[in-house]
Amino acid sequence: MSWYYAEAGQQRGPVTDTELEDLVKAGTVQPDTLIWRDGMPNWQSYSQVQGGAAPPSAAPLPEDAVVCSSCGRMFGRDEVIKYGDAWVCAACKPAFVQRLKEGAALPGVTEYAGFWIRFGAKFVDGLILRFVGMIINVLGAAVVRTSGESASSMAVFFMVGLGFVVDILYRTIFVGAFGATPGKMAVKVRVVNADGSKVSYGKAFARALAEYLSLILLLIGYIMAAFDSEKRALHDRICSTRVIKKES
């Protein structure tokens, strides 16, 4: 049996019964998450459906049916309008347009983080890492003073290597666990996959390494974000990630 579920106003799936249960265990599908399968007249929350107790069969919807990002109901594509990544039904259109005029954040519409907000995040992360680096340097200097000349060069090499490891672990652990470093949390942005899903630790590690390429190319890799339609830096292109603004 194939299930579909709504996430950030977008239709995800199809997934099997087992995969749906895994999504529930992982916390991706919550009790109030809207789900649907063939035979259900409308989308309902997972707690209402209870993983399979679907309501009586109704007329099937078109194969290209989509979820209205405002009301969560399912419609054929000829019954909705599209704005960005969002679909909006005729009934919800007036309120949607009004919110759009007011500049409100709209569900289902991905808003990419631009160059300057990402610069702010990088600045905050830089301050944190600089403070950690100062601690490493103080400890390293103490080792150098107490070691012989032959051991001094080794101690310096170790400090440099330790600084590199700390930088990689900092971005890998925070992005893998929370989708954002403290700097990105401060400006309310996060790193996601191209489909909006959570980044794994493996991809967070690869992205941290790829960011050095953006750095050594005279920062051109970072500047690319200012001119890309999805605000992607070079390391985002390499790892197929996006940096988006968190919904309010």
Side-chain angles (χ1 to χ4, degrees), residues 7-10 83-86 100 103-140 156-248:
E7 183 179 41
Q10 295 296 297
Y83 181 84
D85 297 327
L100 191 63
L106 300 173
V109 179
T110 301
E111 190 174 2
Y112 299 107
F115 174 81
W116 288 110
I117 192 170
R118 294 182 64 169
F119 176 84
K122 182 61 65 176
F123 179 78
V124 173
D125 286 331
L127 291 178
I128 295 172
L129 289 170
R130 181 177 292 274
F131 176 75
V132 175
M134 289 174 58
I135 296 175
I136 294 174
N137 289 337
V138 169
L139 295 176
V156 172
F157 179 79
F158 176 77
M159 286 188 295
V160 173
L162 182 59
F164 172 78
V165 170
V166 168
D167 180 61
I168 294 294
L169 289 178
Y170 175 85
R171 285 179 282 143
T172 298
I173 293 174
F174 277 109
V175 173
F178 308 107
T181 58
K184 286 181 171 60
M185 293 178 192
V187 298
K188 298 183 179 180
V189 302
R190 61 192 176 97
V191 181
V192 296
N193 290 310
D195 62 358
S197 60
K198 186 177 183 295
V199 173
S200 66
Y201 282 99
K203 179 166 284 191
F205 175 70
R207 189 177 184 275
L209 291 176
E211 191 167 342
Y212 277 91
L213 186 58
S214 295
L215 179 65
I216 64 176
L217 293 176
L218 303 177
L219 303 181
I220 292 175
Y222 291 109
I223 297 173
M224 287 173 60
F227 304 98
D228 185 80
S229 61
E230 296 182 337
K231 310 303 181 185
R232 293 171 296 175
L234 178 60
H235 45 283
D236 291 313
R237 286 177 171 270
I238 293 173
C239 298
S240 189
T241 55
R242 307 289 188 274
V243 180
I244 63 174
K245 295 182 179 179
K246 292 184 178 179
E247 294 183 2
S248 301

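The analysis underlying the following values was restricted to heavy atoms, covering all of them including side chains, and did not include hydrogens, waters or symmetry mates. For this chain, numbers begin at 1 and follow the sequence in order. A quick note: this is a predicted structure, and the numbers were derived from the prediction, not measured.
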Next item on the list: Evaluate whether atom CZ of F178 has more than 12 neighbouring non-hydrogen atoms of other residues, nucleotides or ligands under 6.0 angstrom away.
Entry: no
Checklist line | Whether over 12 other heavy atoms sit under 6.0 Å from F205 CZ | finding: no
From [X] [atom1] over to [Y] [atom2], what is the distance, rounded to the nearest 0.5 angstrom?
{"X": "L139", "Y": "M159", "atom1": "CG", "atom2": "CE", "result": "9.5 Å"}
{"X": "L213", "Y": "R237", "atom1": "CG", "atom2": "CZ", "result": "13.0 Å"}
{"X": "R130", "Y": "F123", "atom1": "CZ", "atom2": "CZ", "result": "9.0 Å"}
{"X": "K231", "Y": "I244", "atom1": "NZ", "atom2": "CD1", "result": "14.5 Å"}

Counting C-beta onward and ignoring hydrogens, is there a side-chain heavy-atom pair between [X] and [Y] closer than 4.5 Å?
{"X": "M185", "Y": "F174", "value": "yes"}
{"X": "R242", "Y": "R232", "value": "yes"}
{"X": "D236", "Y": "R118", "value": "yes"}
{"X": "S240", "Y": "N193", "value": "no"}
{"X": "Y170", "Y": "V132", "value": "no"}

Exercise: identify the closest heavy-atom pair between [X] and [Y]:
{"X": "A180", "Y": "V189", "result": "CB-O, 3.5 Å"}
{"X": "S214", "Y": "L234", "result": "OG-CB, 3.3 Å"}
{"X": "V187", "Y": "A121", "result": "CG2-CB, 3.7 Å"}
{"X": "A210", "Y": "C239", "result": "CB-SG, 4.1 Å"}
{"X": "I128", "Y": "P182", "result": "CD1-CB, 3.7 Å"}

Next item on the list: Scan K188, K245, R190 and name whichever one has a salt bridge (Lys or Arg N to Asp or Glu O under 4.0 Å) with E111.
Entry: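 Single salt bridge (Lys or Arg N to Asp or Glu O under 4.0 Å) partner of E111 among K188, K245, R190: K245.
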Item checked: Exercise: do Y112 and D228 side chains pair donor with acceptor under 3.5 Å ->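 The criterion, which ignores hydrogens and geometry beyond distance, is not satisfied for D228 and Y112.
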Check: Looking only at atom types and distance, does a side-chain atom of D167 sit under 3.5 Å from a main-chain N or O of G163, one as donor and one as acceptor?
Finding: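 Absent.
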Checklist line | is_close_aromatic(H235, Y212), centroid dist under 6.0 Å | finding: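 Ring centres of Y212 and H235 not closer than 6.0 Å.
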